[in-house]
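Here is the structure we will look at, set down as structure tokens.
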Amino acid sequence: IDVRQSECLNASTEEPLANALRPGPREDPSLVLRSDCDEELLIHVTFACPVRVKALVLQGPDADPSLGPSSVRLFVNKPALDFDGAKAEKPAQELELSGSHRQGEPLELRYVLFQSVSKLSVFVAGNAAGDDETVLSKVAVLGAVVPQEGAKPSAEMQHARGKADWLN
């Protein structure tokens, strides 16, 4: 995960995405991601290279897990997604979170839909408590890096390579 390129829309400036996304701080129960104006959050997780995502952890705070998300809409490789788009567009997958998910149990995804993900967008419409703030203590993405092989050169490039540079 490229934390510097990842962002969260409608996050509190005092309690930003990095609190829940970075491996060190996300283990500290006092550091959380909190929504700012209302209960909605739009989290854009950017990866350094394409990944295959198999599960997602969206854990609510230890003190009150019901402040965690009640449902999420997941979008793949939509860099310009905003709140209106997240509500209107068809997601790759839509999930309801149970109490055990808000306590840290991974959400299993339809693996075939998340095979080459460069950016994963998570739209949180609200929380289980129906409160004005949504709070996350941990955001984790489980999966594997897509193996990268060299791109096959085009026929023109292969032909040019067959000739010596000085003959071109």
[X] versus [Y]: any side-chain heavy-atom pair under 4.5 Å?
X    : Y    : value
F114 : V76  : yes
L41  : F123 : no
L120 : F75  : no
N77  : V117 : yes
V124 : L42  : no
V3   : L17  : no
S6   : I1   : yes
F47  : V141 : yes

So if I apply the side-chain contact (heavy atoms from CB on, under 4.5 Å) rule between L95 and each of L74, L56, L58, which one comes out positive? L74

Please round to the nearest 0.5 Å and tell me the distance separating atom [atom1] of [X] and atom [atom2] of [Y].
X   : Y   : atom1 : atom2 : result
E40 : S35 : CD    : OG    : 9.0 Å
K87 : D82 : NZ    : CG    : 9.5 Å
L67 : D62 : CG    : CG    : 12.0 Å
D36 : T13 : CG    : OG1   : 6.5 Å

Would you find a donor on one side and an acceptor on the other, under 3.5 Å apart, between the side chain of [X] and the backbone of [Y]?
X    : Y    : result
S121 : H44  : no
T46  : Q5   : yes
D38  : D132 : no
S66  : A128 : no

Compare every heavy atom of [Y] with every heavy atom of [X], then report the nearest pair and how far apart it is.
X    : Y    : answer
N127 : G130 : OD1-N, 2.8 Å
P50  : S118 : CG-OG, 4.3 Å
T134 : G68  : CG2-C, 4.4 Å

side-chain contact (heavy atoms from CB on, under 4.5 Å) between S137 and L31, worked out: CA-CA 7 Å; S137 65; L31 296 175; over 6 Å; no

Determine whether I43 and L33 satisfy the following criterion, side-chain contact (heavy atoms from CB on, under 4.5 Å), listing intermediate values before the conclusion. CA-CA 10 Å; I43 302 167; L33 162 63; 4.0 Å; yes

Please tabulate, for the side chains in residues 101-112, all donor-acceptor contacts under 3.5 angstrom to protein atoms that are two or more places apart in sequence or on a different chain.
{"residue": "H101", "atom": "ND1", "partner": "S98", "partner atom": "N", "Å": "3.1"}
{"residue": "H101", "atom": "ND1", "partner": "S98", "partner atom": "OG", "Å": "3.1"}
{"residue": "R102", "atom": "NH1", "partner": "P69", "partner atom": "O", "Å": "3.2"}
{"residue": "R102", "atom": "NH1", "partner": "L97", "partner atom": "O", "Å": "2.9"}
{"residue": "E105", "atom": "OE1", "partner": "S100", "partner atom": "OG", "Å": "3.0"}

Are L81 and L9 connected in a single hydrophobic cluster, I mean Ile/Leu/Val/Met/Phe/Trp/Tyr linked by side-chain heavy atoms less than 4.5 Å apart? yes

Taking L142 as the starting point, is it possible to reach V122 by hopping between hydrophobic residues whose side chains are less than 4.5 Å apart? no

With sequence neighbours left out, the residues meeting side chain to side chain contact (heavy atoms under 4.5 Å, CB included) with R34 are S12, E15, V32, E133, V135

So, R73 and E89, do they make that salt bridge, N to O below 4.0 Å? no

Other residues, nucleotides and ligands only: do more than 12 of their heavy atoms fall within 6.0 Å of NZ on K119? yes

